[in-house]
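Report on one structure; see the data block that follows.
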Amino acid sequence: MQYTLGSIGVLTGLSLIMLSCDSSTSKEAEKNPVADSTYAPVETKAANTDYKPAFEGQTRIAGVKTSTPYDVKVLSEGLDRPWGIAVLPDGRFLITQKGGTLRIAAQDGALSEAITGLPKVNSNGQGGLLGITIDPAFESNRMVYWVFSQDTPNGTLTAVAKGTLAADEKHIENAQVIYQATPAHKSSLHYGGRILFDKEGYLFVSTGERSDIVTRPQAQDLNSALGKVLRITTDGKPAPGNPFEGRSDARPEIYSYGHRNVQGLAFHPVTGDLWETEFGPRGGDEVNRIQPGKNYGWPTITYGLEYSGEKIGDAIQQHEGMEQPVYYYDPVLSPSGITFFSGNSIPEWENNLFIGGLSSIHIARLVIKDNKVVGEERLLEDQGQRFRDVQQGKDGALYAVTDEGRLYRIGKK
Ligand SMILES: [Ca+2]
């Protein structure tokens, strides 16, 4: 398949900003001379609510279209419910499968046999073997870290484990669970499940609030690990320097709170900020820039409704002391894995955020300037796939996996 999309567009909003900019954006324009032309917003369906955004551009931003030619290739169709991708130092991919095994994919898509030896997962509903990352010193220690849904006597929970990838790459050795996001609950939904290392060598892990009305308020409870972004050590202890360290009324592993179900985590390549995506209910999927100790509002504020169409809580969207999403979706995208594009193999993609969409069956490309979304494009909408994760490979291309079992390469021709 080959996509060569037209570059002729109307010079409106975004281009004008580029022309009449201050010194900081001038520098950016010099570095990245490919300015996107802008089009009508990509979302044309009616919203579920009449809620108003908190600021201009918080939803339904102008559309953009990639003008640099790029290829889309299906490298494999042989994965079994893939969920998370970790890029290995040699350029291959370590991919989780929901049922509880790993596969290694070569850059041409050739798959290994299933890698076993991980603790048993509960793969009912949204559970299973979820996000994965490798140790910064993987080349010397072969350590792998992952998130999964674990059975306990009181129900299931989001757990974090680590182990060593054996030299023969057929199994994980010495697997051990290092963290449990308690309390457990009898639900098969909203496990969160992404994991990544920060520059200091600590692990960010995302959880969910397990979906039920009874557990939902725990997203606001600093004595619960549900509905949080957590920061822990490689031994599962609270990372030093966390915002609630030393407080008796809060768990010290919490980094941010008030989240519903966070399946996307990525660092901005320039600012180093942590960004996340989370599922809203009916409407209200969010893109957030995460700052330590901040409250992201769920379920007190939301741009969505219950699936029944009922209002949530007091039906408010803004509240003092609660952070606004950088961007929200109504109707929803169902955002799973995310990544920022770095490098300039496709110049207009540099520092853009790419979001794997499940129900929306596309990859969303968001152009971000000064921590605001200024353009949106839908990629691969013709593929009919639920995009579960998207990561950037060592060759600079994007690699994505789908619930249907495909591995895609999307990159420079
Ligand atoms: Ca929120």
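Both counts, for ligands and for their atoms, begin at 1 and track the order of listing.
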- line: Hits for salt bridge (Lys or Arg N to Asp or Glu O under 4.0 Å) against Asp90, two or more places apart or cross-chain, chain-then-number order -> Arg92
message: Within less than 3.0 Å, report the number of protein N/O/S atoms around the Ca ion (ligand 1).
response: 3
query: Looking just at side-chain N and O atoms, do Ser360 and Arg386 make a donor-acceptor pair shorter than 3.5 Å?
result: no
query: Any sub-3.5 Å donor-acceptor pair from Glu43's side-chain atoms to Lys45's backbone N or O?
result: yes
Whether Tyr328 and Tyr303 hold their rings parallel, tilted or perpendicular, with breakpoints at 30° and 60°: parallel
message: List the residues meeting ring pair (Phe, Tyr, Trp, His ring centres under 6.0 Å) with Phe204, not counting sequence neighbours, and say none if there are none.
response: Tyr255, Phe267
- prompt: Among pairs that include at least one residue of residues 259-285, which meet salt bridge (charged side-chain N to carboxylate O under 4.0 Å, His left out), considering only residues two or more places apart or in two chains?
  reply: Asp273-Arg289
